Trainee: 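Before I ask anything, let me first share the structure, which is written out below as structure tokens.
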There are 2 protein chains.
Amino acid sequence: MDRRQRKTREAIFSAFTRLIEKRPYHQITVQDIIDEADIGRATFYAHFETKEYLLKDLCDELFGHIVNTALGLPHGHEHYAGCRADESVFLHLLRHLQENDRNILALLSSQNNEIFLAYFKTDLKKLIRTQFADTGALKNSDLPTDYLVNHVSSSFVETVVWWLSHGMKEEPAVLAGYFETVMKTVI
Amino acid sequence: MDRRQRKTREAIFSAFTRLIEKRPYHQITVQDIIDEADIGRATFYAHFETKEYLLKDLCDELFGHIVNTALGLPHGHEHYAGCRADESVFLHLLRHLQENDRNILALLSSQNNEIFLAYFKTDLKKLIRTQFADTGALKNSDLPTDYLVNHVSSSFVETVVWWLSHGMKEEPAVLAGYFETVMKTVI
DNA sequence: CTGTTATCGTACAATCTGTTCGGTAATATA
DNA sequence: TATATTACCGAACAGATTGTACGATAACAG
């Protein structure tokens, strides 16, 4: 990839992130992004068809990375340093979030979180399915697997949101404890 | 309230509902609503400051009504006819949803559901708080009440969405059973 | 019957969108 | 280093949307 392309793409991501921390997603125009990134109009459209595709690409990068480390798969980067073999996937994810790669927490806790959370949940479902459902780690096998996978993923996302909205007062281990308590019937 | 005002307001709600069943919320313009409702431009803005306030008012009407019947409070209407005294609040809500007042299910299952679900969840939280948290019906009192209320509300909303996305194949009683199973640790 | 007011129709400036174009400069490659 | 490629710029464009303003009309309440 051309160095100019990389720089422009990064400038757009960066500008978009900066803006999304300030105001809701749907109040941000392509014009705003262009101004903030200080690039030409045509250049933006050469990179992203619409604002929505920009959002999608950013989320793919952010959540794809986090979920892949949880899968133990490399993603162009080394494995997360503070990882311990014996901790649960959920604690692992929480620790990773706490590191706040690329200000991911600001995005999830901003007024817009619904939009980012939808992408987060999608990636999380894949993780839960391969990590739990496919390995037979779910209790209540009389309930539909789809329902259980969805329940676990949604609940974890909601746990993270609750954590953020209260200022992340709890340690990751404590929060993981909360989550595992309410999930006792399922996992 | 002036009869003309009532008619216009209803025409706007109706047009908006019809549109939202066809395409995503953020792809609907005020212009579209004006055309569909067949009213003057200034008339729309005399009723709603923005599209977002229209959404809010509609949701207040829809979910406020449903949640209030669950609370046993009258809301300008008589109590839900098929109500049985011994059934759980959740089963009651599901039955009420199945009746599909004002095409509420179309809204919740449309591509945009996130927007409506946020309002649904807000109203549901109030219900859960007064119905369970304040009456001491929640187990795990060592976990923060906020966290538990949020968990129950979110999980119920997710259950409804899962139900809708699969064509509502299950009877309300069966679905309520699913929900109560995964909630066994909490309620 | 009379005063009030919701609506209409039209018009308006301001903004945003997505595309086009020729010119410039950075880049990859040989 | 020389050359061909390509990403970027900046300006311009039509089309659509937004929110507001106005007088005229007709429905409404008392």
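None of the values given here were measured: they were computed from a predicted structure. By convention in this document, chain letters (A, B, ...) are assigned in the order of the sequence lines, proteins followed by strands, and residues within each chain are numbered from 1.
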Trainee: Starting at the 5' end of DNA chain D, which residue's closest nucleotide do you reach first, R41(A) or D38(A)?
Mentor: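 The residue whose closest nucleotide sits nearer the 5' end is D38(A).
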Trainee: Has K121(B) got its NZ or CZ under 6.0 Å from the middle of the six-membered ring of F63(B), at an angle within 45 degrees of the ring axis?
Mentor: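 Negative - K121(B) is either too far from the ring of F63(B) or too far off its axis.
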Trainee: If I take atom CG in residue D35(A) and atom P in nucleotide dT15(C), what distance separates them, rounded to the nearest angstrom?
Mentor: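 Rounded to whole Å, this separation is 12 Å.
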Trainee: Just the rounded figure in Å: distance from C1' of dT5(C) to NZ of K7(B).
Mentor: 16 Å
Trainee: Taking only side-chain nitrogens and oxygens of Q5(B), does any of them come within less than 4.0 Å of OP1 or OP2 of dA6(C)?
Mentor: yes
Trainee: Taking CG from D2(B) and P from dG3(C), how many angstroms apart are they, rounded to a whole number?
Mentor: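 The distance from CG of D2(B) to P of dG3(C) comes to 18 Å, rounded to the nearest Å.
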Trainee: Check this one for me: any side-chain N or O of H47(B) less than 4.0 Å away from OP1 or OP2 of dA6(C)?
Mentor: no
Trainee: Rounded to the nearest angstrom, tell me the gap between atom CD1 in I34(B) and atom P in dT7(C).
Mentor: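 The distance from CD1 of I34(B) to P of dT7(C) comes to 13 Å, rounded to the nearest Å.
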Trainee: Check whether any side-chain N or O of N103(B) sits under 3.5 Å from a backbone N or O of L107(B) as a donor-acceptor pair, and report yes or no.
Mentor: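 No, because the side chain of N103(B) does not come within donor-acceptor range (under 3.5 Å) of the backbone of L107(B).
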Trainee: Quick one: how far along DNA chain D does chain B reach, first to last nucleotide 5' to 3', anything under 4.0 Å to a heavy atom?
Mentor: dT17(D) to dC28(D)
Trainee: Under 4.0 Å, heavy atoms only, any strand: does R3(A) hit a base, just the sugar-phosphate, or nothing?
Mentor: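 Result for R3(A) = sugar-phosphate.
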Trainee: Less than 4.0 angstrom from a charged side-chain N to a carboxylate O is my criterion; do D2(A) and K7(A) meet it?
Mentor: no
Trainee: Please state how far atom CD in Q31(B) lies from atom P in dG9(C), giving the value in whole angstrom units.
Mentor: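 About 13 Å, once rounded to whole Å.
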Trainee: Would you mind reading off the bend of the helix from dC1(C)-dG30(D) to dA30(C)-dT1(D) from its two end axes, five pairs each, to 10 degrees?
Mentor: 50°
Trainee: For R4(A) and R6(B), take the nucleotide of DNA chain D holding the closest heavy atom to each; which residue's nucleotide lies nearer the 5' end?
Mentor: R4(A)
Trainee: If I take atom CD in residue Q27(B) and atom P in nucleotide dT17(C), what distance separates them, rounded to the nearest angstrom?
Mentor: 14 Å
Trainee: Just so I know, are the side chains of K126(B) and R129(B) near enough to count as touching, which here means a heavy-atom distance under 4.5 Å?
Mentor: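 Sidechains of R129(B) and K126(B): no contact.
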Trainee: Would the Y53(A) and F48(A) ring centres measure less than 6.0 Å apart?
Mentor: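 Here the rings of F48(A) and Y53(A) have centres that are no less than 6.0 Å from each other.
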Trainee: From OH of Y45(B) over to C1' of dA6(C), roughly how many Å is that when rounded to an integer?
Mentor: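 So the OH-C1' distance, Y45(B) to dA6(C), works out to 18 Å.
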Trainee: Calculate the interatomic distance between I33(A) atom CD1 and dC16(C) atom P; express it in whole Å.
Mentor: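 Answer to the nearest Å: 12 Å.
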Trainee: Got a salt bridge between D57(A) and R9(A), using NZ or NE/NH1/NH2 to carboxylate O under 4.0 Å?
Mentor: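 Yes.
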Trainee: Can we say K56(B) and D60(B) salt-bridge, meaning some charged N sits less than 4.0 Å from an Asp/Glu carboxylate O?
Mentor: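 Salt bridge flag = yes for D60(B) with K56(B).
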Trainee: Have a look at A42(A) and say if it touches a base, only the backbone sugar-phosphate, or nothing, with a 4.0 Å heavy-atom cut-off.
Mentor: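 Base, at least one base atom sits under 4.0 Å.
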Trainee: Could you tell me whether a side-chain N or O of T130(A) sits under 3.5 Å from a main-chain N or O of L127(A), the two making a donor and an acceptor?
Mentor: yes
Trainee: Taking the six-membered ring for Trp, are F116(A) and F16(A) closer than 6.0 Å centroid to centroid?
Mentor: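 No.
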